[in-house]
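These notes concern the structure reproduced below.
Lettering of chains follows the sequences in order, A, B, ..., and the numbering in each one begins at 1.
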There are 2 protein chains.
Amino acid sequence: MKKDDHKLKEYEHKFKEHKLTPQRKAILQVFLENHGGHLSAEEILKYAQEKNNDIGFATVYRALDLFEKLKIINRVNFGDGRSRYELVQREMKHHHHHLVCMNCQRIIEVMDSLLHELEENIEEEHNFSIYDHRLEFYGYCEDCQEGED
Amino acid sequence: MKKDDHKLKEYEHKFKEHKLTPQRKAILQVFLENHGGHLSAEEILKYAQEKNNDIGFATVYRALDLFEKLKIINRVNFGDGRSRYELVQREMKHHHHHLVCMNCQRIIEVMDSLLHELEENIEEEHNFSIYDHRLEFYGYCEDCQEGED
DNA sequence: GTCGCTGCAAAGCTTTTGCATTAGA
DNA sequence: TCTAATGCAAAAGCTTTGCAGCGAC
């Protein structure tokens with residue numbers, strides 16, 4: 001899609017010392033298309049193969065490592081035994097959390113700036129210099145609150 | 001140790017429908033002795049074997065599953081590819097987070113009630129019924145701030 | 001031609017499972 | 001006795017690595 005090609009350009013400058021190969025491009029496009037966000041390596045491979053059949057698991061994992069290093073994506077962990085990956089979104093940086101539904105596994109994103117206050121408290125009280133955080137809330141989403149056991 | 005034996009008694013009532021076998025007792029004692037907290041399965045096995053040599057990985061994992069179900073321990077994940085486990089501490093419940101030092105991997109616990117306000121906001125705005133949360137801050141601890149790259 | 005990137009397959013880790021055996025109540 | 005719990009070893013994920021081949025510059 002033209003729209004994603006345009007978005008892709010915004011990332012090209014990050015690949016100065018690394019090649020933006022067809023495989024890497026395909027993987028990046030998967031993120032830009034945002035298939036529900038929070039993709040596992042397996043899902044990323046599946047979608048990337050739809051674009052470029054000549055791609056394997058090793059390449060996906062190696063690309064994910066690279067993208068993480070280039071701060072294009074973030075690795076997140078919802079405790080289901082596999083890593084998941086999401087595009088770093090500038091405007092969300094440091095201000096977005098996850099609501100994980102314990103019934104339907106749906107993941108809802110939440111914007112927040114309130115945490116900033118807490119971070120400042122911590123930096124002061126513990127002399128700990130905060131670089132990033134992970135915050136997930138576990139509970140039941142709108143649709144699942146009746147079945148809550 | 002006498003002190004831990006006493007602590008152990010506080011957990012016996014949770015084992016009504018499950019047996020508090022010597023193996024499970026050894027594992028529970030490992031948590032009560034709190035070897036730096038946030039133990040991995042491997043560490044738990046190691047310490048438990050010091051008490052009772054007749055214990056294997058399968059038993060550790062099965063006990064950890066059980067303890068989690070009985071709300072004796074919590075499984076936490078710091079993104080290092082293995083699960084870690086910590087004792088549920090009543091007075092800390094819902095109010096403790098982790099500071100993970102990105103240099104020395106040290107983990108510091110932080111008490112907090114500020115997050116409660118944020119939870120209330122979220123429950124209202126997103127109609128999401130919160131049951132638990134995980135919050136980790138990544139950064140550099142007191143001792144590692146100079147080496148910060 | 002060089003050097004980075006790739007696929008494939010093998011290996012590595014953590015965790016789970018099958019099964020025969022043991023041991024608690 | 002009866003069933004839950006255990007150890008061992010095998011298997012099952014997910015992820016990483018070795019290696020030979022490929023491709024861009």
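- When heavy atoms are screened at a 4.0 angstrom cut-off, S40(A) is found touching no nucleic acid atom at all.
- Atom-to-atom, CG of L45(B) to P of dT14(C) comes out at 12 Å; the value is rounded to the nearest Å.
- Residue whose closest nucleotide on DNA chain C sits further toward the 5' end, between D65(B) and L20(B): D65(B).
- Listed nucleotides dC8(C), dT3(D), dC8(D) differ in distance to A58(B); the shortest reach to its side chain belongs to dC8(D).
- When rounded to the nearest whole Å, the span between CD of E43(A) and P of dG13(D) equals 16 Å.
- Considering only side-chain atoms of Q23(B), the nucleotide from dT17(D), dG4(C), dT6(D) that sits closest is dT6(D).
- Residue S83(A) has no polar side-chain atom (N or O) positioned under 4.0 Å from OP1 or OP2 of dC14(D).
- When side chains are defined from C-beta on, E43(A) counts as touching S40(A), because their heavy atoms get closer than 4.5 Å.
- The 5' end of DNA chain C is approached more closely, in terms of each residue's nearest nucleotide, by N53(A) than by the other of E42(B) and N53(A).
- Considering only side-chain N and O atoms, Y61(B) lies nowhere under 4.0 angstrom from the phosphate OP1 or OP2 of dT16(C).
- With hydrogens and angles left out, the side-chain atoms of H98(A) and E86(A) include a donor and acceptor closer than 3.5 Å.
- Protein atom CD of E12(B) is 15 Å distant from nucleotide atom P of dG24(C), rounded to whole Å.
- Between E33(B) and K51(B), at least one side-chain N (NZ, or NE/NH1/NH2) sits under 4.0 Å from a carboxylate O, which counts as a salt bridge.
- When rounded to the nearest whole Å, the span between CZ of F57(B) and C1' of dC13(C) equals 10 Å.
- Which of dC14(D), dT16(D), dT15(C) sits closest to the side chain of R75(A) comes down to dT16(D).
- Counting only heavy atoms from C-beta outward, the side chains of R82(A) and R84(A) approach each other to under 4.5 Å.
- Ranking dT15(C), dA5(D), dC5(C) by closeness to the K19(A) side chain, first place goes to dC5(C).
- By the 4.0 Å N-to-carboxylate-O rule, E136(B) lies too far from R134(A) to be salt-bridged with it.
- Between E17(A) atom CD and dA24(D) atom C1' there is a gap of 17 Å when expressed in whole angstrom units.
- Regarding contacts with the backbone of dG4(C), every side-chain N or O of H18(A) stays at 4.0 angstrom or more from both OP1 and OP2.
- To the nearest angstrom, C1' of dA24(D) lies 16 Å from CZ of F15(A).
- When the P atom of dC5(C) is taken as reference, atom NZ of K69(A) falls 10 Å away, rounded to whole Å.
- Remark: T21(B) is in phosphate contact with dT6(D), judged by side-chain N or O atoms under 4.0 Å from OP1 or OP2.
- For the pair R62(B) CZ and dT14(C) P, the interatomic distance rounds to 19 Å; values are reported in whole Å.
- Residue R24(B) is classed as a sugar-phosphate contact, given heavy-atom separations below 4.0 Å to backbone atoms only.
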